[in-house]
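See structure below.
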Number of protein chains: 2
Amino acid sequence: MRVSIKDVAKAAGVSHSTVSRALADNPLIAAETRKRIHRVARRMGYVPDAIARGLVTRRTQVIGVIVTTIEDPFVAEVVRGIEQVAGDNGYRVLLGTSHNDPTREMNQVKAIRESRVDGVIVAASRVGALYQAHLKEIGVPIVLINNQNRQKSHRIHSIAIDDAQGGQLATQHLIEQGHRVIAYLGGPPDHAANRDRLTGYQRALAAAKLPFDPALVQSGTGRVDGGAAVVQFLSHTPTPTAIFCYNDMTAIGALRTLKERGVRVPDDLSLIGYDDIPFAAYVDPPLTTIHQPKDEMGRLAMQMLLDLLAGKKVGNVSVPGRLVVRGSTREI
Amino acid sequence: MRVSIKDVAKAAGVSHSTVSRALADNPLIAAETRKRIHRVARRMGYVPDAIARGLVTRRTQVIGVIVTTIEDPFVAEVVRGIEQVAGDNGYRVLLGTSHNDPTREMNQVKAIRESRVDGVIVAASRVGALYQAHLKEIGVPIVLINNQNRQKSHRIHSIAIDDAQGGQLATQHLIEQGHRVIAYLGGPPDHAANRDRLTGYQRALAAAKLPFDPALVQSGTGRVDGGAAVVQFLSHTPTPTAIFCYNDMTAIGALRTLKERGVRVPDDLSLIGYDDIPFAAYVDPPLTTIHQPKDEMGRLAMQMLLDLLAGKKVGNVSVPGRLVVRGSTREI
DNA sequence: CATTGGTCTGCAAACGTGTGCAAAGGAGAG
DNA sequence: CTCTCCTTTGCACACGTTTGCAGACCAATG
C-alpha cells in the first residue's frame with residue numbers, strides 16, 4: 001500500500017495541508033514542525049504522487065517527444081540532448097514514434113493530448129507538417145525540429161538546421177578541390193531538408209559559375225538503400241567526379257554500390273555525406289561530411305521549450321552545419 | 001480552456017456520470033443516449049484527461065523505460081521494440097537515461113516512482129543491479145533486460161541474451177575455420193555480458209581441446225576506443241590468427257587500429273564481433289558477428305510486462321544469438 | 001484588561017474522472 | 001389497478017494533492 005500525505009499527517013499529528021506545505025519547504029510552517037514532518041515522511045517512505053499533484057497544479061512536468069523512429073542515429077542524438085536538459089530541469093520525457101505511418105502519427109498526437117504534457121517537441125517532419133492544426137489544439141507550447149513549413153504562430157516554434165547553408169558548404173568544398181562535374185544524390189523529394197540541401201548545392205554551383213544539370217540530380221530514400229541510385233550517374237556524360245549525398249546513410253549505400261562496381265573512392269570519385277552520424281568516421285574510406293550539432297539541437301529545442309513554459313518570447317533558431325573533412329573526398 | 005466531461009454533460013443535458021459511462025461504451029447507457037453524447041463530445045472537442053483518469057483508476061497506461069543511453073544503437077532498437085508493442089496495447093513510454101551516472105540513475109528511479117507508472121523496463125544493467133531494492137519498492141512489475149543477477153522475485157523478472165551461448169557460437173565458428181590461436185578482446189570486466197561471453201569462449205576452446213591462455217584475454221570499454229587494445233595481442237607469441245571481440249563497437253575500433261598498423265582483415269587476422277549493429281554490414285570488411293534479436297527482445301520484454309500486468313505467471317526468458325557470417329573472418 | 005498584530009495551522013474546496021448504490025420511470029403480469 | 005422487475009439515469013464519494021481563507025494562539029502594545 002502506498003503511503004499518502006494523509007498517512008504522514010496522521011503519524012505526525014498534523015493536518016495533511018501542513019504536511020503538504022512542510023514538504024514544499026513553505027516558510028509559513030514553523031521550522032521545527034517542518035523538520036519533524038520531513039523526518040516522519042522519510043521514515044514512512046513517503047513518495048509524492050505526481051498524478052495527483054498534476055491534477056491540481058495543472059502541470060505534469062512531462063514533455064512529449066514525437067519522433068519518426070528512435071533507431072535513426074540522428075534522432076537518437078537529438079533525443080539524448082532533449083532528455084538531458086529535460087532531466088536537469090525536472091522534466092520527464094514521454095516518447096512516441098510515428099514511423100511515418102499515418103495511423104501511428106494520429107495516435108501519437110492523440111496520446112500526447114490526453115497525457116496533459118506541459119509541452120511538445122516534434123522531430124518528425126511529417127507530423128510537424130500534417131498535424132499542425134491538431135498540435136495547436138493541444139494548447140501547450142510546441143517546438144518543431146527540422147520541420148517543413150516555418151510559419152509563425154504564437155504557440156508553435158521551430159529550430160532547424162540551415163540545410164541550404166550546409167548544402168552550399170558541402171558543394172563548395174568539392175568545388176574548392178577542383179571538381180567541376182558534381183552530382184547530387186538526394187533524399188525523399190517531399191522533404192524540405194532535401195529541397196534545401198539541393199538549393200545550397202545550386203547556390204554553390206552558381207557562385208562558382210558552374211552550370212546546373214538536372215540530370216545530375218537524383219532523389220532517393222534517405223536510407224542506405226537509397227545509395228544504390230548512384231549507378232545512374234556512372235553512365236552520364238561527362239561522368240561526375242564528385243557526388244554530394246543527401247545524408248550519410250545514402251553515402252554509405254553509395255559507397256557500397258560503388259565498391260561492388262569497382263569504382264574507388266576517393267580515387268575515382270569523391271563522395272561527401274551529410275549529418276556526421278557516429279559511424280561516418282568508421283566506414284572505409286572515412287566519410288567527409290557536414291556535421292550537424294545533433295545533441296545540441298536537442299538541448300536547444302528543450303531550452304526553447306523551457307523558455308516558452310516560463311512565458312519568455314523566443315525567436316526561431318537556425319543552426320549552421322560544419323564541414324568535417326575525412327577521407328572520401330580528394331583534390332582532383 | 002479545456003473542455004471537461006462536465007461541460008459535455010451540461011451541453012447534452014445529462015449528468016457527468018452518464019457521459020463518463022457513455023464514452024466508455026458502457027451498455028448500461030441507452031444506445032441513443034450514448035450516440036448523442038458521443039456526437040456532442042466530438043463536436044465540443046472533448047479529450048479525456050489521462051491524469052484525472054489515472055488518479056481514480058490507479059492505472060496510468062504509462063510504462064517507464066530506463067536505459068543507459070539512447071545513442072547506443074543496441075539500446076535504440078530495444079526501445080523501438082518496446083515502444084511498438086506498448087503503443088499497440090495502449091501504453092505510452094516514459095523514457096529515462098542513466099548514462100551510468102549514479103546521480104542520474106538515482107533520479108531516474110525516483111522519477112519513475114513518483115510518476116506512478118504501471119510497470120518498468122530496465123535496459124541499464126547497472127541500474128538493474130544496484131537499485132534492485134529501490135526498484136522493488138516502486139511496487140509495480142519490473143522487467144530487466146540483460147541484467148546481471150538473475151535472482152528470482154515475484155515482482156522482478158528478466159529477459160536476457162544467452163551470452164554464453166553466443167560467445168561459444170562465435171568462437172566455435174573461428175575454430176571451424178581452422179583457427180587454433182584465438183584471442184578474446186573483451187568489454188568492461190564488471191559486466192555480466194562480458195563474463196558470459198568469455199565463458200562461452202572458454203567452453204568452445206575446451207570442446208575443441210584447445211588450451212586457454214589468459215594472456216589472450218584483454219578487457220576494454222565496449223566502445224570504439226576499446227578496440228585499440230588489440231595491439232596487445234600483436235606482440236604475443238604465438239600471434240593469434242583470430243580475435244573474438246566483445247561487441248561490434250569494439251571490433252570496429254580494432255579494425256581501425258589494425259588498419260593503421262597495416263594488419264589486413266581477414267587476410268592476416270580474422271575478426272568476429274557481437275551484436276550485429278546496423279553498421280556492422282557496412283564497415284570494411286563487413287563484420288562477421290553474432291546477431292542479437294534486439295527489437296524482438298524489446299517486444300518480448302514489453303509482452304512480458306503486459307502479461308505481468310494481466311496477472312499472468314511468466315518465466316524468465318533467454319534469447320539465443322545467431323551467427324552472421326560476413327567478410328571479417330576466413331578459413332585458414 | 002482589551003485590542004492589535006503576527007505567526008502558525010487547519011478547514012474546505014478544487015482539479016477531472018470512475019463507479020457503487022439508490023432511485024426514477026416504464027412495461028408487463030396478475 | 002397494483003405490484004414487480006428491468007432499464008436507464010443521477011447522486012455522491014473517492015483518488016492524492018495544492019492553496020485561499022479563516023481561525024487559534026500568543027505576545028506586545030495602549
Side-chain angles (χ1 to χ4, degrees), chain A residues 1-38 40-41 44-62 90 111 113-118 138-140, chain B residues 1-38 40-41 44-62 90 111 113-118 138-140:
Chain A
M1 209 30 210
R2 221 182 147 97
V3 18
S4 85
I5 217 172
K6 287 185 191 167
D7 303 322
V8 177
K10 199 168 295 175
V14 293
S15 77
H16 77 278
S17 12
T18 302
V19 175
S20 173
R21 279 187 262 255
L23 295 179
D25 285 326
N26 187 320
L28 277 179
I29 304 298
E32 54 185 311
T33 316
R34 217 187 310 169
K35 279 187 184 170
R36 183 166 49 90
I37 292 178
H38 265 111
V40 174
M44 298 180 72
Y46 168 74
V47 173
D49 185 325
I51 295 291
R53 175 182 290 163
L55 188 58
V56 41
T57 61
R58 315 186 64 72
R59 282 234 169 185
T60 55
Q61 298 296 110
V62 173
R113 209 170 154 192
E114 295 183 2
S115 303
R116 282 217 134 173
V117 296
D118 292 343
I138 300 181
V140 298
Chain B
M1 208 29 210
R2 220 183 148 96
V3 20
S4 85
I5 218 172
K6 287 186 190 166
D7 302 322
V8 177
K10 200 168 294 176
V14 293
S15 78
H16 82 277
S17 13
T18 302
V19 175
S20 173
R21 280 188 259 254
L23 294 179
D25 285 327
N26 186 320
L28 276 180
I29 304 298
E32 55 184 310
T33 316
R34 216 186 312 166
K35 280 186 184 170
R36 181 166 53 89
I37 292 177
H38 265 111
V40 174
M44 297 179 72
Y46 168 73
V47 173
D49 186 325
I51 295 292
R53 177 181 289 163
L55 187 58
V56 41
T57 62
R58 317 187 63 73
R59 282 236 168 183
T60 54
Q61 298 295 109
V62 173
R113 210 171 152 191
E114 294 185 1
S115 302
R116 280 215 136 172
V117 296
D118 292 342
I138 300 182
V140 299

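Throughout, a chain's letter reflects where its sequence line sits, starting with A, and its residues are numbered from 1. All values below come from the heavy atoms of this structure, side chains included, with hydrogens, waters and symmetry mates left out.
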Interface with DNA chain D, restricted to residues 16-26 of chain A and to heavy atoms under 4.0 Å:
A/His16, A/Ser17, A/Ser20, A/Arg21

Minimum-distance nucleotide (side-chain atoms of B/Arg53 versus C/dG16, C/dG18, D/dT17):
C/dG18

Atom CZ of B/Arg34 and atom P of D/dT7 are separated, to the nearest Å, by 13 Å

Without decimals, in angstroms, what is the distance between B/Asp7 CG and C/dC15 P?
10 Å

Could you give the CD1-to-C1' distance, from B/Ile37 to D/dG10, as a whole number of Å?
12 Å

Which atoms form the tightest heavy-atom contact between A/Leu55 and B/Ile51, and what is the distance?
N-CG2, 3.7 Å

Run the side chain to side chain contact (heavy atoms under 4.5 Å, CB included) check on B/Asn26 and B/Arg34 step by step: do they pass?
CA-CA 9 Å; B/Asn26 186 320; B/Arg34 216 186 312 166; over 6 Å; no

Between atom OH in B/Tyr46 and atom C1' in C/dG18, what is the gap in whole Å?
11 Å

Along DNA chain D (nearest heavy atom to each residue), the more 5'-positioned of B/Pro27 and A/Leu28
B/Pro27

In short, B/Arg2 meets B/Asp49 closest at the heavy-atom pair NH2-CA, 4.0 Å

Would you check if the side chain of B/Thr57 reaches a backbone N or O of B/Arg59 as a donor-acceptor pair within less than 3.5 Å?
yes

Nearest-Å distance for atom pair NZ/P, residues A/Lys10 and C/dG10
14 Å

Once you round it to whole Å, what is the distance between C1' of D/dT19 and CD1 of A/Ile29?
12 Å

Output one letter per nucleotide in nucleotides 23-28 of chain C: B when a protein non-hydrogen atom lies under 4.0 Å from the base, S when only the sugar-phosphate is that close, - when neither is.
------

Can you tell me how far the NE2 atom of B/His38 sits from the OH atom of B/Tyr46, to the nearest 0.5 Å?
10.5 Å

For A/Ser15 and C/dG10, is the shortest distance between a side-chain N/O and OP1 or OP2 below 4.0 Å?
yes

Can you check the B/Ile51 CD1 to C/dG18 P distance for me, whole Å?
13 Å

Euclidean distance, A/Ile29 CD1 relative to A/Arg36 CZ, rounded to 0.5 Å
10.5 Å

Minimal non-hydrogen separation, B/Ile37 against B/Ala12, with atom names:
CG1-CB, 4.4 Å

Provide, to the nearest angstrom, the distance between the CD atom belonging to B/Gln61 and the C1' atom belonging to C/dG18.
14 Å

Should A/Thr57 be listed as having a side-chain N or O under 4.0 Å from OP1 or OP2 of D/dT17?
no

Does D/dG16 have OP1 or OP2 sitting under 4.0 Å from an N or O in the side chain of B/Arg58?
yes

Please tell me which of the listed nucleotides, C/dC8, D/dC11, D/dT18, lies nearest to the side chain of A/Ile5?
D/dT18

Taken to the nearest 0.5 Å, the spacing of A/Glu114 CD from A/Ile138 CD1 works out to 10.5 Å

What distance separates A/Arg116 CZ from B/Arg53 CZ, expressed to the nearest 0.5 Å?
12.5 Å

Pick the nucleotide of DNA chain D nearest each of B/Ala30 and B/Leu55; which residue has the one closer to the 5' end?
B/Ala30

Under 3.5 Å, side-chain donor or acceptor atoms of residues 13-25 of chain B against the rest of the protein: list the pairs with distances, not counting sequence neighbours.
from	atom 1	to	atom 2	distance (Å)
B/Ser15	OG	B/Ser17	N	3.4
B/Ser15	OG	B/Ser17	OG	3.1
B/Ser15	OG	B/Thr18	N	3.4
B/Ser15	OG	B/Thr18	OG1	3.2

